[in-house]
Student: 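Below is one structure. I have some questions about it.
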Amino acid sequence: MTRYTALLLTFLCAFAAASPLLPAFFKFPGTRSQNKPISGDSPLQQCDADEKQLLDIKLVNLLPNPPVRGENVTISAAGYVKDTIVEGAYVDVEVRLGYIKLLSQTYDLCEELEKNDVDGLKCPIEVGDYMIEKTVEIPQEVPPGKYSVVARAYTEDDDEITCLSGDVYFPAY
Ligand SMILES: *[C@@H]1O[C@H](CO)[C@@H](O)[C@H](O)[C@H]1NC(C)=O
């Protein structure tokens, strides 16, 4: 073994030993978000799980899971809202198809709830337990591929309400 190989091995071992500690020292921009599984049958995870969030998501079910192009999908979810959510809350949504960013947009949370009639849910959303169900049709025209979605909701004061992320794969046939 040459000196250099030994040096390299030593370095690699030291790096491997220290790597579990690395996230504590550095906040890598791309790996900042901690994911946590959500109970139920869905491709969604809770992201930013190490951040304080106003919504405690207890369950998310997608029927069918995975969703199918040209068919209806019903999403049902249960959660606990820890603090009243009022007008001014917003959602940042990002959708990627493979590596292509398809959409990066901010929506008014209260406005979207009214527009899309999510079980009649309306702002202000008071503290308490909620269970919602919503059916949407996935157009047949949606291009096949692997979609990655991240949605982060915030109050007007930029307190995080929730962070959801997930991958959905639509096969060509
Ligand atoms: C989806 O559900 C709606 C309302 O229940 C229904 O009118 C529509 O035909 C359904 N679409 C499909 C593709 O099953």
Side-chain angles (χ1 to χ4, degrees), residues 30 33-49 51-156 158-173:
S33 177
Q34 285 292 320
N35 285 337
K36 208 173 101 182
I38 296 175
S39 299
D41 188 17
S42 91
L44 294 179
Q45 295 181 304
Q46 185 195 358
C47 36
D48 297 348
E51 307 274 330
K52 223 174 113 186
Q53 296 180 4
L54 244 66
L55 175 64
D56 179 13
I57 297 180
K58 303 215 166 118
L59 180 84
V60 177
N61 281 318
L62 231 59
L63 192 74
N65 184 31
V68 181
R69 291 192 297 153
E71 288 185 15
N72 279 338
V73 60
T74 298
I75 180 164
S76 46
Y80 179 74
V81 175
K82 295 184 219 167
D83 201 358
T84 309
I85 298 166
V86 297
E87 301 286 339
Y90 61 96
V91 197
D92 288 333
V93 180
E94 199 180 283
V95 181
R96 283 169 194 271
L97 173 56
Y99 292 107
I100 305 159
K101 196 184 279 186
L102 281 189
L103 175 91
S104 176
Q105 203 162 331
T106 301
Y107 298 94
D108 184 302
L109 180 68
C110 298
E111 230 176 78
E112 292 304 317
L113 281 177
E114 294 225 8
K115 243 198 281 182
N116 296 296
D117 185 23
V118 184
D119 257 1
L121 202 59
K122 255 193 207 158
C123 292
I125 303 169
E126 307 287 351
V127 173
D129 274 309
Y130 288 86
M131 189 147 178
I132 55 154
E133 193 175 286
K134 174 85 184 165
T135 299
V136 289
E137 195 175 312
I138 300 175
Q140 184 67 54
E141 298 75 33
V142 170
K146 186 188 152 214
Y147 291 80
S148 304
V149 182
V150 183
R152 287 187 170 86
Y154 297 93
T155 65
E156 191 177 28
D158 302 323
D159 290 323
E160 193 157 13
I161 296 172
T162 189
C163 180
L164 295 171
S165 69
D167 292 338
V168 179
Y169 176 70
F170 293 124
Y173 298 104

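Order of listing sets the numbers, starting from 1, for every ligand and every atom in it.
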Student: Considering residues, nucleotides and ligands other than Lys146, do more than 12 of their heavy atoms fall under 6.0 Å from its NZ?
Tutor: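 No, not enclosed.
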Student: Do other residues, nucleotides or ligands put more than 12 heavy atoms under 6.0 Å from Lys122 NZ?
Tutor: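 Result for NZ/Lys122: open.
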Student: Closest non-hydrogen protein atom to atom 9 (O) of ligand 1, residue and atom name please, with distance?
Tutor: Glu137 OE1, 4.8 Å
Student: Protein heavy-atom contact under 4.0 Å for atom 14 (O) of ligand 1?
Tutor: yes
Student: Based purely on interatomic distance, does Glu71 place a nitrogen or oxygen under 3.5 Å from a nitrogen or oxygen of ligand 1?
Tutor: no
Student: Look at atom 7 (O) of ligand 1 and say whether a protein heavy atom is found at less than 4.0 angstrom from it.
Tutor: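 Given the 4.0 Å cut-off, atom 7 (O) of ligand 1 does not count as touching protein heavy atoms.
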Student: Ignoring hydrogens and geometry beyond distance, is a side-chain donor-acceptor pair present between Asp41 and Asn65 at under 3.5 Å?
Tutor: yes
Student: Counting from 1, what ligand 1 atoms have a heavy atom of Gly70 closer than 4.0 Å?
Tutor: 13 (C)
Student: I'd like to know if the side chain of Asn72 pairs up with that of Thr135 as donor and acceptor (distance under 3.5 Å, no hydrogens or angles considered).
Tutor: no
Student: With atom 3 (C) of ligand 1 as the reference point, say which of Asn72, Thr135, Thr74, Ile138 has the nearest heavy atom.
Tutor: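 When every heavy atom of Asn72, Thr135, Thr74, Ile138 is considered, Asn72 comes closest to atom 3 (C) of ligand 1.
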Student: Please determine if Arg96 and Glu94 form a salt bridge, counting it only when a charged side-chain N lies under 4.0 Å from a carboxylate O.
Tutor: yes
